[in-house]
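In what follows, a structure is listed as structure tokens, so that the remarks can point back to it.
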Amino acid sequence: SLHDALPILFQATLEEFEASNEELIRSQEDLLRHEEELAETWAILRSAFEQTPIPLLLVGAKDFKIIISNPACRECLRIDPETSYIGQSLLSLKRTWQDLDADGKPMEPKDTPLVLALRGVATRNREGRIRFDDGTERWLLVNSAPVLGPDGANIAGFLAFVDITEQKNTLESLRRNESMFRLLAEKMNDIVWTTDLALRTTYISPSIEKILGFTPEERMVQEPGEQLTPSSLAYAAGLLKKELEREKESGVDPDRNIIMELEYYHKNGSTVWLESNLSWQRDDNGSIVGVHGVSRDISVRKKAEMELQQK
């Protein structure tokens, strides 16, 4: 009867309710555990962001709110370190700088790496500049990337950059020095050269063409026997061997210079006497690895000396 079935039905319903309640409790416990794990992971990531020396910035894609701005970022952009901009809109940030491209031209906001990342476009190793209100400029190497959610939608823009001003200044200084050196090498009358220990040319200044007729490119592929007369080559090789032996002696001056007079072949088939002031190229251990020389034409003097000897 229905009267007899009601207790059974009630018991079944109660058991089903208890089972559902236990499942709900487990789900809540799992959710709580996942939330704790997520909070711990977020705390670790935030700490890593805060402590890295690389300037980092994370901005939400929907509201442009700053999610993370680490101390290195605020320092590089000269933002007050005591002021927290977390949660504020990027649009409300008081900027004290202007974004410039590598040529020093102002960048449109839509073309900046962060805005590109917020639009889903990544930037890789892009050089640019920022100009502060006081007129000073810094070079930056910038990377940015969109941050995608589980559904593939863009939820944030990530920006990382490095101040490369010192490196750029060093490169520019090296370029100026190289340009000045090349100008001096091209204008000077003396020949500047280097060789290895087999007397093969490793560098020759452009002035060789004015004195010996060969271009630097031609000289670089010549063997020592194609450069020096046999007697001068034998003398140079013997002197090099003697100096390498002297290196074994104590008290030898490592910065010593040697003067040699050698007879070189001219491209037209004649010979030219050059006086060379030699010094040594050394490695980090102080061992001789090559020869550095500066040579000048002394043919007129040698001719006069030979004429005196014949009288």
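Because the structure is predicted, anything quoted here is derived from the model rather than measured.
For Arg296 and Glu275, the salt-bridge test fails: no basic side-chain N is under 4.0 Å from an acidic carboxylate O. Looking at Arg282 and Glu247, a side-chain N of the basic residue comes within less than 4.0 Å of a carboxylate O on the acidic one, giving a salt bridge. Under the 4.0 Å criterion applied to side-chain N and carboxylate O atoms, Asp297 and Arg301 are not assigned as salt-bridge partners. The pair Glu243-Arg246 meets the salt-bridge criterion, since a charged nitrogen lies less than 4.0 angstrom from a carboxylate oxygen. Salt-bridge annotation for Arg200 and Glu223: absent, with no side-chain N of the basic residue lying under 4.0 Å from a carboxylate O of the acidic one.
When only modelled atom types and interatomic distance are considered, Ser47 and Gln51 share a side-chain donor-acceptor pair under 3.5 Å. In the model, Ser295 has a side-chain atom that pairs as donor or acceptor with a side-chain atom of Trp193 under 3.5 Å. Side-chain atoms of Thr195 and Thr201 form no donor-acceptor pair, as typed in the model, at a separation below 3.5 Å. Remark: the Asn285 side chain and the Ser287 side chain contain no N/O donor-acceptor pair separated by less than 3.5 Å.
Going from atom NZ of Lys302 over to atom CG of Leu274 covers 11.0 Å, rounded to the nearest 0.5 Å. Here CG of Leu56 is found 11.0 Å from CZ of Arg74. Values are rounded to the nearest 0.5 Å. In this structure, the separation between NZ on Lys303 and CG on Leu308 is 12.5 Å, given to the nearest 0.5 Å.
Checked options Met220, Glu209, Gln222; the residue passing with Phe214 is Gln222 (criterion: side chain to side chain contact (heavy atoms under 4.5 Å, CB included)).
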Point to revise | Test salt bridge (Lys or Arg N to Asp or Glu O under 4.0 Å) applied to Arg175 and Glu172, step by step | key: CA-CA 5 Å; Arg175 291 192 187 99; Glu172 182 59 28; 3.7 Å; yes
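Residues meeting the side chain to side chain contact (heavy atoms under 4.5 Å, CB included) test with Pro106, sequence neighbours left out: Gln98, Leu100.
Taking the centre and axis of the six-membered ring of Phe132, the NZ or CZ atom of Arg78 falls inside the cone set by 45° and 6.0 Å.
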